[in-house]
Novice: 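Below is the structure I would like to discuss, written out as structure tokens.
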There are 2 protein chains.
Amino acid sequence: MEEKEISQAVIGRLPRYFRYLSELKYAGIERVSSQELSDIMKVTASQIRQDFNNFGGFGQQGYGYNVEFLHNEIGKILGLDRTHHLIIIGAGNLGQALANYVNFERRGFLFRGLFDNNSELHGKKIWGIEVQPMENMEVFVKENNIDIAVLTIPKTEAVTVAEQLVEYGIKGIWNFAHVDLNVPENIQVENVHLSDSLMKLSYNISRFESDNTK
Amino acid sequence: MEEKEISQAVIGRLPRYFRYLSELKYAGIERVSSQELSDIMKVTASQIRQDFNNFGGFGQQGYGYNVEFLHNEIGKILGLDRTHHLIIIGAGNLGQALANYVNFERRGFLFRGLFDNNSELHGKKIWGIEVQPMENMEVFVKENNIDIAVLTIPKTEAVTVAEQLVEYGIKGIWNFAHVDLNVPENIQVENVHLSDSLMKLSYNISRFESDNTK
DNA sequence: TAGATTGTTAATCGATTAACAATC
DNA sequence: TAGATTGTTAATCGATTAACAATC
């Protein structure tokens, strides 16, 4: 079976398709054409068809796409039909917020453990899960089949901790630390650099203001 | 003065340059060439020079770039030389975490107010700032010169609240709700869709595993 | 001056859009 | 069957990379 590499540009759009299809499905709508999707999502119908066709034909000429089927297929592509077991490293505000968030918001991502260096937090329960010292990580990851680690620790620690986690057998890292991690190619990293995001917003605000001044 | 539109691809890379230049500056390094930056940042030297040249020449032939000067210039481009006043709408876990984050992590972004519909939270202090009812938003935004609103409320409310904020005179929205906002072109929106990000990670993990199975 | 490295033009690559034949 | 709409090829557009002349 030949592997055609799908570009990250396409992957990046899948969750948004998934979200809109959820809504259509929830609204009881059965079928949708690329043109209709185009209208509500503000992207070209051509792009929609190209994107879907990266994964084989989900539609039918003259009919369009079956909403429920398409929704389900995109879910499978995104790996949402499997269960992910994740731990959070760093029990600060952001770590605690994500613990709650991940647990409730999305099925399939199971919050299993929370680790922190701060001994004052050890034993404290966050959403029913005890904060553990980081020395416990290795055993915990291996015994509980953890595949995703969420990094909400300062950047000074993040690089080292990431390397440890890779050793312990983690498959992916959701990285909230403001630093680029250094991990092997087979380990997936998804960065959420909040300050970068805020800076982009700042740029765009400034740009618009000076556009007006011209 | 002619306005050449800078692509969002370039803007998206500026915060990362800014971060690396911070580190070089902090390490006491005075000059850097595009080739040296290329080596540590893992992007092409050509792209670095192209990116910087969108904003005019920051370097000098035969020398390279002065780290401190370049760092400073990129900061200015990103609007980090100004002060932004921001409020957070939604005092849940994420809102509270961001309140702390924004306040401490980045200069120039001043956390000024926190709003929530839940009356049980009203009057409670988060990082020294009282949670207010959302009815106070209009007056507060206008009187305190607020330019950025951070949305950490459920998607059901987000669209309406965003429209209100625009009316009150906000310039930019940092949107953490899982919904596309509907605001005029002159209002800047920066989305942080955490669940989208987690889905991308999920996809890449699945993809790698099946790559191996082939 | 010679060497180094930018600024910038030209070439390449990839992603988006347009068009239309295939087909339900 | 006729109409609609996909799947897919071709055209366009934009972003990245390569190359090199300008110049410090």
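In this text, all values refer to a predicted model and were calculated from it rather than measured experimentally.
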Novice: Tell me which nucleotide among C:dT5, C:dT16, C:dT6 gets nearest to the side chain of A:Q47.
Specialist: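 Taking heavy atoms from C-beta onward, the closest nucleotide is C:dT16.
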Novice: Between P on D:dC13 and CD on B:E5, what's the gap in Å once rounded to a whole number?
Specialist: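 Value for this atom pair: 18 Å.
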Novice: Just the rounded figure in Å: distance from P of D:dA15 to CD1 of B:I11.
Specialist: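 Nearest whole value for this atom pair: 11 Å.
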Novice: More than 12 non-hydrogen atoms from neighbouring residues, nucleotides or ligands closer than 6.0 Å to CD on B:E68, yes or no?
Specialist: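 Check fails, neighbour count at 12 or below.
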Novice: Using the benzene-type ring in the case of Trp, are the ring centres of B:H178 and A:Y101 under 6.0 Å apart?
Specialist: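 B:H178 vs A:Y101: aromatic centres under 6.0 Å.
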Novice: Ignoring hydrogens and geometry beyond distance, is a side-chain donor-acceptor pair present between A:Q8 and B:N204 at under 3.5 Å?
Specialist: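 Yes, because at least one side-chain N or O of A:Q8 sits under 3.5 Å from a partner of the opposite role on B:N204.
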Novice: How long is the line joining CG of B:N54 and P of C:dG7, in whole Å?
Specialist: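 One finds 12 Å between P of C:dG7 and CG of B:N54, rounded.
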Novice: Using every non-hydrogen atom in the two residues, find where B:H85 and B:I146 come nearest and quote the distance to one decimal.
Specialist: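 Heavy atoms of B:H85 and B:I146 come nearest at O-CG2, 3.4 Å.
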Novice: Closest heavy-atom contact between A:Q188 and A:N186?
Specialist: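 Where A:Q188 meets A:N186 most closely, the heavy atoms are NE2-O, 3.5 Å.
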Novice: Within this structure, what is the CD1-to-C1' distance between B:I6 and D:dA15, rounded to whole angstrom?
Specialist: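 Result: 13 Å.
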Novice: For B:E30, look at atom CD and say whether over 12 heavy atoms of other residues, nucleotides or ligands are found less than 6.0 Å away.
Specialist: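 Open: at most 12 neighbouring heavy atoms sit under 6.0 Å from CD of B:E30.
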Novice: Would you kindly give the CG-to-C1' distance between B:N53 and D:dT16, to the nearest whole Å?
Specialist: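 Value for this atom pair: 15 Å.
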Novice: Kindly say whether B:A91 contributes a backbone atom to a donor-acceptor pair with the side chain of B:Q96 at under 3.5 angstrom?
Specialist: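 Here the side-chain-to-backbone pair exists.
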Novice: Under 3.5 Å for both donor-acceptor distances, Watson-Crick or wobble: does C:dT23 have a partner, and if so which one?
Specialist: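 Pairing partner, where one exists within any strand: D:dA4.
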Novice: In this structure, how many angstroms lie between the C1' atom of C:dT16 and the CE atom of A:M41, rounded?
Specialist: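 Atom-to-atom, A:M41 to C:dT16, this comes out as 15 Å.
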Novice: So which one's nearest nucleotide on DNA chain C is more toward 5', B:G57 or A:R13?
Specialist: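 Nearest nucleotide further toward 5': that of B:G57.
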Novice: Output the rounded distance in Å from CD (B:E36) to P (C:dT5).
Specialist: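 B:E36 atom CD is separated from C:dT5 atom P by 7 Å.
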Novice: Please give, in whole Å, the distance from C:dT16 C1' to A:F52 CZ?
Specialist: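 To the nearest whole Å, that distance equals 16 Å.
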Novice: Could you identify the nucleotide paired to C:dT9, looking across every strand shown and requiring Watson-Crick or G-U wobble geometry with both distances under 3.5 Å?
Specialist: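 Partner of C:dT9: D:dA18.
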Novice: Going 5' to 3' along nucleotides 18-24 of chain D, which nucleotides have protein heavy atoms under 4.0 Å from the base (write B), which only from the sugar-phosphate (write S), and which from neither (write -)?
Specialist: BBB-BBB
